[in-house]
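What follows is a set of notes on a single structure, which appears directly below.
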Amino acid sequence: SHVGYRRLKAMAVTILFLGPLREMAGEESREVEAPLDWAGLLRVVGPEIAEQLRNERVNIACAGQVLGDKTALDAGDRDEVALLPPVSGG
């Protein structure tokens, strides 16, 4: 029986890659272990995307809220962390 499967699964955060970041990541989303903070995020996305995230024009939304200070990221189980590339033409 598969009933208990969800409960046994490790806590997870889903990272969503949007726009050009999706092409860099080669995937739309990635599940990583929760909790996830700024340092952890930079580690799991790899050096190329981490460099993009350090750009002040790239925003991060956690659970639907854009973070004023992305280094304060504190994502918990089942949160979605969306990586928002700069809006073009700005």
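Every heavy atom of this structure was used, including side-chain atoms; hydrogens, water molecules and symmetry mates were not. Only a predicted model underlies this, so the values are computations on that prediction, with no experimental measurement involved. Note that the numbering runs from 1 along the sequence shown for the chain.
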Legend entry - Pairing residues for Arg54 by the salt bridge (Lys or Arg N to Asp or Glu O under 4.0 Å) criterion, not counting sequence neighbours: none
Legend entry - Partner residues of Glu27 under the salt bridge (Lys or Arg N to Asp or Glu O under 4.0 Å) criterion, sequence neighbours left out: Arg30
Legend entry - Any residue meeting side-chain contact (heavy atoms from CB on, under 4.5 Å) with Ala61, in chain and number order, not counting sequence neighbours: Val66, Ala82, Leu84
Legend entry - Partners passing side chain to side chain donor-acceptor pair (under 3.5 Å) against Asp69 (at least two apart in sequence or in another chain): Thr71
Legend entry - Hydrophobic cluster partners of Leu41 (side-chain heavy atoms under 4.5 Å): Val13, Ile15, Phe17, Leu21, Met24, Val32, Leu36, Trp38, Leu42, Val44, Val45, Ile49, Leu53, Val58, Ile60, Leu67, Leu73, Val81, Leu83
Legend entry - Which atom of Glu56 lies closest to which atom of Lys70, heavy atoms considered: CA-NZ, 4.0 Å
Inset, instruction - Would you please name every residue forming a side chain to side chain donor-acceptor pair (under 3.5 Å) with Ser29, sequence neighbours left out? - result: none
Legend entry - Value rounded to 0.5 Å, distance of SG in Cys62 from CD in Glu80: 9.5 Å
Inset, instruction - Taking all non-hydrogen atoms of both residues into account, name the closest pair between Gly19 and Pro85 and its distance. - result: CA-CG, 4.1 Å
Inset, instruction - Taking Asp79 for its side chain and Gly76 for its backbone only, find out whether a donor-acceptor pair lies under 3.5 Å. - result: yes
